[in-house]
Structure formats: C-alpha cells, structure tokens
**Q** 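First the structure, then my questions, so here it is.
Start at 1 with the first residue, then count along the sequence.
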Amino acid sequence: MGQEPDFRKELISIIPNLRAFAASLAGSFDRADDLVQETLVKAWDKQHTFQPGTNLKAWLFTILRNEFYTQMRKKGREVQDVDGIHAMQLAGHPEQQGHLDLQDFRKALDQLPDDQREALILIGASGFSYEEAADICKCAVGTIKSRVSRARTRMADLLGIEGDGEFGPDSINSQIIGVAPAA
C-alpha cells in the first residue's frame with residue numbers, strides 16, 4: 001500500500017471536521033466520538049476502494065452519515081428531550097454571553113428538521129459546496145439549496161434575527177466592552 005502514509009495524513013487532517021459534523025448529527029460529543037471512530041475504522045478498512053484524486057473529505061462524510069443513519073435505524077425511536085429539561089440539568093451555567101448565544105443557537109439548530117440541519121451543517125459549517133453536499137445526501141443540488149435556504153430562514157426566525165445589523169455585540173455587551181453596537 002504505497003498510498004497509506006498520504007491516506008493516513010489526510011484522514012487525520014479531516015478528523016476535526018468529522019467530529020463537528022458527527023456532533024451536529026448525534027447531539028452529544030460522546031456519541032459523536034464513537035461515530036467518528038467507527039467512520040475512521042471503516043474508512044481505513046476500505047481505503048483500497050477510495051480513488052486517489054477524488055474528494056476524501058466527501059467520502060468520509062458520506063461514510064459517517066451512512067453510519068449515523070444505520071445506527072439510528074438499529075436503535076429505533078429515542079425519547080427526545082423536547083423541552084430541554086434533562087439537558088438543562090446536565091448543563092452548567094454559562095460564564096459569558098457567548099455561551100448563552102451558542103446555547104440559543106444549538107437549541108434553534110436542534111429544532112430544525114433533520115434534512116435541513118444536515119444541509120446547513122454541510123454547507124455552512126463544514127465548507128462543502130452545494131454539489132458535494134448533494135452527493136453526500138444523495139439528492140439533487142436544488143434540493144440542498146432549498147433545504148439550506150429554509151434552514152437559514154427558520155434559524156433567523158427562531159433566534160429573532162431580523163437583519164445583518166443584529167450580528168456582533170449587542171447594546172448591553174457594547175457598553176461593557178466599550179464599543180459601538182452594530183448598526
């Protein structure tokens with residue numbers, strides 16, 4: 001296997017992206033780590049099927065996504081923590097405003113339908129093109145674009161964002177840190 005050192009190096013470089021995507025799908029870092037580990041084992045075992053020169057990142061994300069849905073099918077239905085009561089018992093109090101913003105973002109992200117959340121994470125957080133995301137999700141490019149658009153609109157509604165001027169420090173934080181709020 002002459003390609004093994006290059007394959008290993010590329011595989012390792014993509015682990016943070018895999019972990020972020022897995023966390024968005026699985027909802028917990030423990031489950032995400034298990035999912036990434038299973039993905040890496042499968043990829044290593046099947047590296048002879050990977051064609052050098054093609055997109056390794058997309059190939060790995062596809063393996064991860066397929067493994068996630070396989071595990072979900074095996075698991076059956078889970079009881080969801082819709083009200084977040086259980087999650088709130090496990091969470092510590094945030095120490096900074098950014099933690100609160102991130103918590104709000106995660107709650108809003110969790111409220112999206114699975115297909116919209118997946119598309120938004122692939123495009124917005126993982127840096128895939130619409131075409132690559134469509135390949136990973138096995139759907140048309142237009143479907144991915146529609147899912148991302150609907151997800152962004154829904155996230156803005158859930159977070160109460162009405163325009164670009166609402167990004168950045170808010171008026172309370174601006175007074176504390178001494179900068180003017182975004183216009």
**Q** Would you mind reporting whether N17 and F21 have side-chain heavy atoms less than 4.5 Å apart?
**A** no
**Q** Can you name the nearest heavy-atom pair linking A58 to I136, along with the distance?
**A** O-CG1, 3.8 Å
**Q** Taking the side chain as every heavy atom from C-beta outward, state whether R117 and D114 have any atom pair closer than 4.5 Å.
**A** yes
**Q** Counting N and O atoms only, with roles assigned by atom type, does the side chain of Q71 sit under 3.5 Å from a partner on the main chain of F68, one being a donor and the other an acceptor?
**A** no
**Q** Can you pull the ring pair (Phe, Tyr, Trp, His ring centres under 6.0 Å) pairs that have at least one residue in residues 104-123, sequence neighbours excluded?
**A** none
**Q** Taking side chain as C-beta onward, heavy atoms only, is R8 less than 4.5 Å from Q47?
**A** no
**Q** Would you indicate whether the side-chain heavy atoms of L25 and I121 approach each other to under 4.5 Å?
**A** no
**Q** Could you walk me through whether E38 and D34 pass the side-chain contact (heavy atoms from CB on, under 4.5 Å) check?
**A** CA-CA 6 Å; E38 188 63 31; D34 291 343; over 6 Å; no
**Q** What closest approach, in Å, do A133 and I123 show between heavy atoms, and which atom pair accounts for it?
**A** CB-CD1, 3.6 Å
**Q** What is the minimum heavy-atom distance between A43 and L11, and which atoms define it?
**A** CB-CD1, 4.2 Å
**Q** Might you point out which heavy atoms bring T54 and Q51 nearest each other, and give the distance in Å?
**A** OG1-O, 2.5 Å
**Q** Is there a side-chain contact between N55 and D135 (heavy atoms, below 4.5 Å)?
**A** no
**Q** Are M155 and I161 co-members of a hydrophobic cluster defined by side-chain heavy atoms under 4.5 Å apart?
**A** yes
**Q** Kindly check if the number of other-residue, nucleotide or ligand heavy atoms within 6.0 Å of CD (Q37) is above 12?
**A** no
**Q** Enumerate the ring pair (Phe, Tyr, Trp, His ring centres under 6.0 Å) contacts for residues 127-161, please, sequence neighbours excluded, ordered by first and then second residue.
**A** F61-F128
**Q** If you look at every heavy atom in I15 and V36, which pair is closest and at what distance?
**A** CG2-CG1, 4.5 Å
**Q** Looking only at non-hydrogen atoms, find the nearest pair between P16 and S13 and report the distance.
**A** CD-O, 3.6 Å
**Q** In sequence, state the C-alpha distance, the side-chain angles, and the governing distance for L40 and L18, and then conclude on side-chain contact (heavy atoms from CB on, under 4.5 Å).
**A** CA-CA 9 Å; L40 294 173; L18 288 171; 4.0 Å; yes
**Q** Hydrophobic cluster membership, with links at side-chain heavy-atom distances under 4.5 Å among I/L/V/M/F/W/Y: are F29 and M72 in one?
**A** no
**Q** Nearest 0.5 Å, what's the CG-OG distance between L122 and S24?
**A** 7.5 Å
**Q** Does I14 belong to the same Ile/Leu/Val/Met/Phe/Trp/Tyr cluster as W44, with side-chain heavy atoms less than 4.5 Å apart forming each link?
**A** yes
**Q** If you draw a 6.0 Å radius around CZ in R150, do more than 12 non-hydrogen atoms from other residues or ligands fall strictly inside?
**A** yes
**Q** Measure from the side-chain N and O atoms of T39 to the backbone N and O of L35, and report whether any donor-acceptor pair falls under 3.5 Å.
**A** yes
**Q** Relative to the ring of F7, is the ring of W59 parallel (under 30°), tilted (30 to 60°) or perpendicular (over 60°)?
**A** perpendicular
**Q** Within the structure provided, determine whether N66 and K138 are in side-chain contact (heavy-atom separation under 4.5 Å).
**A** yes
**Q** What about L64 and V41, same hydrophobic cluster or not, with Ile/Leu/Val/Met/Phe/Trp/Tyr joined at side-chain heavy-atom distances under 4.5 Å?
**A** no
**Q** Is it the case that the side chains of R147 and T143 hold a donor-acceptor pair, with the cut-off being a distance below 3.5 Å and no angle test?
**A** no
**Q** Flag the pair S149 / R152 as yes when at least one side-chain heavy-atom distance between them is below 4.5 Å, and no otherwise.
**A** no
**Q** Which pairs with one or both residues in residues 51-67 pass salt bridge (Lys or Arg N to Asp or Glu O under 4.0 Å), sequence neighbours excluded?
**A** K42-E67, R65-E118
